[in-house]
Amino acid sequence: MKRTLAAEPPSPVERSRRTHRSTRTHCSPRRTHSHRISSSLFEPPLSLFAGVAPSPLSSPSLSFLFVAVKTVKKLLGRFGESIISFDGKVSVNSLLHIQRYSYVNVYMKWKKDSYYDSIEDIHQSILLKPIIALKNCIARDPNECIPISDVSKRGLQLDVPMKVARFMRQYPSIFEEFTGPQYNLPWFRLTPEAAEIDKDEKRVYKDCREDLQSRLKKMILMTRENVLPLKIIQGMQWYLGLPEDFLQYPERNLDDSFKFVEMEGGLKALAVERREKIFSVMEENVMKKGFIFGGTMEAIEFPLFPSKGLRLRTKIQNWLDEFQKLPYISPYDDFSNLDPNSDIAEKRLIGVLHELLSLFVEHSAERKKLFCLKKYFGLPQKMHRAFERHPHMFYLSFRNNTCSVILKEAYSFDRSAFQKHPLLGVRKKYIKLMKKSQVILKNRRVNNRFSKSSSKQDLDSDNVDKEEHEIAACSAEQVV
């Protein structure tokens, strides 16, 4: 008869090893190459991280509480001390946020959308910008005409993608070419249609001077120190709708809140003095809808416009819902106390990009131009991920061998949140002339082809007549 041996109970060391192994397997998230996002927010009592030495324990419940506090501190690590507080603009007692991080794959595949790829105001602006720059060179001349030698070597400065003479000849409805009085050089002047649009453009600049000044002021107030180098402003003039000579006449275009300063390294810059509370477009839209906007750090949800056929996985949709519930940090508020790795900092980044694109005339900009603002706007190094993680708000268009960021809200069916800028109508008139130039060049090619074919037919007919005459002469000689 066999005798069965009872299994020996596990030792305390083996029991702790099993418990530790099971905890690692089921509780600790597996590290992957996906992005870190916040899964939830909670509000612990202020005494958890007060750093006060514990008093003598009087009951088992108090000892359990201190053990729990110690464990929470260890789990949160450096985020345990990340308590968001603002002096003056965001009160300390307004809201207390301690964030947890989990590993969730938030990669969203880019999906082509023909609607945004077909917006002419955006995609034609790459060619329209050098056209208007050349037009201004002609309009500033007292004789309203210039020789090609005045601009032939300024192609890089004017963003002309080819030789200047060849580029201007591609738009005969805007630039009229004629032979100059000296040395038979080609000269250019504006066509009557382009000259009329130029007058409308100057009229719009005069009427919208205060609006343009406000757009420039808001962009500077979004920076860290309310100052922005002049070279950065000059690179953003086209998007803000500022004329080329806007900064050359400060007494006419700028008020006393602007001040020219010098930054480190002798870099000339423009500073703005903050005199009043400025609300972002998101905050203004909330107040227009009748919602009470009582203070800072309120949860304002961004409007989302998903593309057709774009479906999100459940965990990404849950993350997006939690992201919308986070407090909204205005781009004009102080952000020095924000943890750059927190989800609230990411929501501020989205708010800054939304406000910037809202200030632009076409609500769009080249992505590389926005990257130049990282240092002065306090944006993260990998800000390009914001466009990839939020395709419901921004669309990336890859037309014209460049990447353009488009704010979807501005081109949705409900455009009540944005007012159409008068300068946009002027640019559309120039785009019509660009299309007219294509028709003119096409007709020229057709006419040249027809004239060549007709001249060839004339030569052939002359040859046939000559041959017939020779044959008749030869036959007459034979008869004689």
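Values reported hereafter were calculated over all heavy atoms of this structure, with side chains retained and with hydrogens, waters and symmetry mates removed.
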Look only at the side chain of [X] and the backbone of [Y], and say whether a donor-acceptor pair between them is shorter than 3.5 Å.
X: K374; Y: Q381; value: yes
X: N143; Y: C145; value: no
X: E283; Y: S280; value: yes
X: S214; Y: E210; value: no
X: R348; Y: I329; value: no
X: D150; Y: I146; value: no
X: S342; Y: L338; value: no
X: S364; Y: V405; value: yes
X: N318; Y: T314; value: yes
X: Y395; Y: D113; value: yes

Write down the atom of [X], the atom of [Y], and the distance for their closest heavy-atom approach.
X: V281; Y: F418; answer: CG1-CE2, 4.2 Å
X: H392; Y: L320; answer: CD2-CD2, 3.9 Å
X: P380; Y: L349; answer: CG-CD2, 3.8 Å
X: S437; Y: Y171; answer: OG-CA, 3.4 Å

Salt-bridge contact [X]-[Y] (side-chain N to carboxylate O under 4.0 Å):
X: K199; Y: E201; result: no
X: R169; Y: E177; result: yes
X: R140; Y: E244; result: yes
X: K202; Y: D198; result: yes
X: D159; Y: R154; result: no
X: E346; Y: R389; result: yes
X: K429; Y: E196; result: no

Item to check | Geometric cation-pi criterion R189 and F178, 6.0 Å radius, 45° cone | outcome: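 Yes, R189 and F178 form such a contact.
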Checklist entry - Can a cation-pi geometry be assigned to K163 and F167, taking NZ or CZ under 6.0 Å from the six-membered ring centre and within 45° of the ring axis? => result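 No, K163 does not sit over the ring of F167.
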Polar contact flag, side-chain donor to acceptor under 3.5 angstrom, [X]-[Y]:
X: T179; Y: N184; result: no
X: H354; Y: E409; result: yes
X: T191; Y: E176; result: no
X: D117; Y: H123; result: no

Item to check | Verdict with supporting geometry, R275 and E273, side-chain contact (heavy atoms from CB on, under 4.5 Å) | outcome: CA-CA 6 Å; R275 297 180 178 179; E273 180 184 356; 3.6 Å; yes
Under 6.0 Å from the [atom1] atom of [X], do we count more than 12 heavy atoms belonging to anything else shown?
X: Q324; atom1: CD; result: yes
X: E251; atom1: CD; result: yes
X: K129; atom1: NZ; result: yes
X: D207; atom1: CG; result: yes
X: R166; atom1: CZ; result: no
X: E284; atom1: CD; result: yes

In Å, rounded to the nearest 0.5 Å, how long is the span from [atom1] of [X] to [atom2] of [Y]?
X: L267; Y: E262; atom1: CG; atom2: CD; value: 8.5 Å
X: L190; Y: L433; atom1: CG; atom2: CG; value: 10.5 Å
X: S125; Y: E362; atom1: OG; atom2: CD; value: 4.5 Å
X: E301; Y: K325; atom1: CD; atom2: NZ; value: 8.5 Å

Do the side chains of [Y] and [X] get nearer than 4.5 Å, heavy atoms only?
X: M263; Y: P229; answer: yes
X: F305; Y: S412; answer: yes
X: L247; Y: N253; answer: no
X: L353; Y: M383; answer: yes
X: H421; Y: D211; answer: yes
X: L216; Y: L359; answer: no
X: L356; Y: L373; answer: yes
X: Y430; Y: K135; answer: yes

Checklist entry - Which residue pairs pass the ring-ring contact (aromatic ring centres under 6.0 Å, His included) test when at least one of the two sits in residues 224-255, sequence neighbours left out? => result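 ring-ring contact (aromatic ring centres under 6.0 Å, His included) check on residues 224-255 returns Y239-F360.
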Checklist entry - For the residue pair F302 and Y328, does the interplanar ring angle fall in the parallel (under 30°), tilted (30 to 60°) or perpendicular (over 60°) class? => result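 Rings of F302 and Y328: perpendicular, as their planes differ by over 60°.
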Item to check | Centroid separation H390 to F323 less than 6.0 Å | outcome: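 Yes, they do, as the ring centres are separated by less than 6.0 Å.
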Item to check | Option among Y411, F387, W110 that satisfies the ring pair (Phe, Tyr, Trp, His ring centres under 6.0 Å) test with F394 | outcome: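 Of all the options given, the one that passes is F387.
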Checklist entry - Stepwise, does the salt bridge (charged side-chain N to carboxylate O under 4.0 Å, His left out) test hold for D334 with R224? => result CA-CA 8 Å; D334 184 21; R224 286 181 181 272; over 6 Å; no
Next on the checklist: Going by salt bridge (charged side-chain N to carboxylate O under 4.0 Å, His left out), name the residues that satisfy it together with K428, two or more places apart in sequence or in a different chain.
Outcome noted: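 With neighbours one apart ignored, the set is D121.
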Next on the checklist: Walk me through whether T402 and E366 qualify under side-chain hydrogen bond (donor to acceptor under 3.5 Å, both in side chains).
Outcome noted: CA-CA 7 Å; T402 186; E366 291 185 72; 3.0 Å; yes
Item to check | Test applied, side chain to side chain donor-acceptor pair (under 3.5 Å); reference residue, Y332; option that passes from E355, K218, K277 | outcome: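 In the set E355, K218, K277, the residue that makes a side chain to side chain donor-acceptor pair (under 3.5 Å) with Y332 is E355.
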Item to check | Step-by-step side-chain contact (heavy atoms from CB on, under 4.5 Å) determination, I220 to I233 | outcome: CA-CA 9 Å; I220 297 177; I233 298 177; 4.2 Å; yes
